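To keep things clear, I will list the structure first and then write my remarks on it.
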Amino acid sequence: MAGRHLGRQFFSRYTPEVARDLLGCVLVRVTPEGKRLTGRIVEVEAYRGADDPASHSFRGITKRNALMFGDPGFAYVFFSYGFHWCLNFTTEERGTPGAVLIRALEPLKGIREMERLRGSTRIRNLTSGPGKLTKALGIDRRMNGEDVVTSKRLYVLRGGAVDSIVSSRRIGISRGLKQQWRFFFEGNRFVSRENA
DNA sequence: ATACTGATGGCCT
DNA sequence: GGCCATCAGTATA
């Protein structure tokens, strides 16, 4: 393992396990202007394949979801509700679909730049949702397919201390309600919402 | 505090 | 043509 960088093998596991282990890790985004923006991951959701009706990959491979079927450790960025981008990291071995949606961050560094990109100075509102955090980090379709294991502009550092973890149903879906595949830090003020 | 709604694009049936 | 892995604003309490 090279330093604190998350490696390929970290992502090459059962998706809910990867999701839980991503909590507390630090997401790093280096913008085209060279600004380094970082945030601690405090809320995630796991999505799998044929066993998960809420997943984009439930019905098999398509042009959009192909990354979920490929190698682990890549960014899967999709466009949501006509407005927002959502950031995921692919998981599981090649051929087994999976991805972890990054739902909320606790801003650490580059907060001034995040405020600018986000058009808001309310820190609690900066990255407390999947669409908010992509805007704050300047992430859009250009990051789709980025190899997070080798990238210099989008990667993840192993976390330190871990708080108390809670799980719940996933947010904003109507199927796959039985899986408790949303994980977040209990009581963290940057989580998008406490209950589901 | 919670509830509803409009905006808006792409994917899938 | 219907359905979203969302957010901000407005309305009601």
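Everything numeric in this text was worked out from a predicted model, so none of it was measured. Chain A is the first sequence line, chain B the second, and so forth, proteins listed ahead of strands; every chain is numbered from 1.
- Annotation: side chain of Y14(A) is in contact with side chain of R48(A) (closest heavy-atom distance under 4.5 Å).
- The CZ atom of R36(A) sits 12.5 Å away from atom CZ of R29(A), with the distance rounded to the nearest 0.5 Å.
- Of the side-chain N and O atoms in R103(A), one or more sit less than 4.0 angstrom from OP1 or OP2 of dT6(C).
- Looking at heavy atoms from C-beta onward, L157(A) lies in side-chain contact with Y155(A) at the 4.5 angstrom threshold.
- Along DNA chain C, the nucleotide closest to I171(A) and the one closest to R118(A) are compared, and the more 5′ of them pairs with I171(A).
- For DNA chain B, the outermost nucleotides in 5' to 3' order that have an atom under 4.0 Å from a heavy atom of chain A are dA7(B) to dT13(B).
- Rounded to whole angstrom, the span from the CZ atom of R193(A) across to the P atom of dA5(C) amounts to 14 Å.
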DNA chain C base-pair string [pairs: Watson-Crick or G-U under 3.5 Å; |: paired with another strand]
||||.|||||||.
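- Using a 4.0 Å cut-off on heavy atoms, the residues of residues 58-84 of chain A that approach DNA chain B are R59(A), T62(A), R64(A), F79(A), Y81(A), G82(A), F83(A), listed by number.
- Across all strands, L101(A) comes closer than 4.0 Å to base atoms (heavy-atom distances).
- Counting heavy atoms from C-beta outward, L6(A) and F11(A) have side chains that approach closer than 4.5 Å.
- Within 6.0 Å of atom CZ in R142(A), 12 or fewer heavy atoms from other residues, nucleotides or ligands are found, so the atom counts as exposed in its surroundings.
- Sparse packing is recorded around CD of E93(A), with 12 or fewer heavy atoms of other residues, nucleotides or ligands lying under 6.0 Å away.
- Counting heavy atoms from C-beta outward, D52(A) and T15(A) have side chains that stay 4.5 Å or more apart.
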Can I get a per-line list of side-chain donor-acceptor pairs under 3.5 Å for residues 99-107 of chain A, giving both atom names and the distance, sequence neighbours left out?
from	atom 1	to	atom 2	distance (Å)
R103(A)	NE	E43(A)	OE2	2.8
R103(A)	NH2	S192(A)	OG	3.2
E106(A)	OE1	R40(A)	NH1	3.1
E106(A)	OE1	N188(A)	ND2	3.0

Please lay out, stage by stage, how H56(A) and R64(A) fare under the test side chain to side chain contact (heavy atoms under 4.5 Å, CB included).
CA-CA 9 Å; H56(A) 288 168; R64(A) 174 173 67 159; 3.5 Å; yes
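- A straight line from CZ of F184(A) to C1' of dA5(C) spans 16 Å, rounded to a whole angstrom.
- If you look at F74(A) and Y76(A), their ring centroids are not closer than 6.0 Å.
- Rounding to the nearest 0.5 Å places CZ of F89(A) at 10.0 Å from CZ of F10(A).
- Here OG1 of T134(A) is found 7.5 Å from CG of L87(A). Values are rounded to the nearest 0.5 Å.
- Here the CG-OG distance, from N65(A) to S55(A), works out to 7.5 Å after rounding to the nearest 0.5 Å.
- DNA chain C lies under 4.0 Å from at least one heavy atom of each of the following residues of residues 132-149 of chain A: K132(A).
- Residues from residues 40-54 of chain A that place a heavy atom under 4.0 Å from any atom of DNA chain C, listed by number: Y47(A), A54(A).
- The side-chain heavy atoms of V30(A) and K152(A), taken from C-beta on, include no pair separated by under 4.5 Å.
- Here CZ of F185(A) is found 5.5 Å from CD1 of I165(A). Values are rounded to the nearest 0.5 Å.
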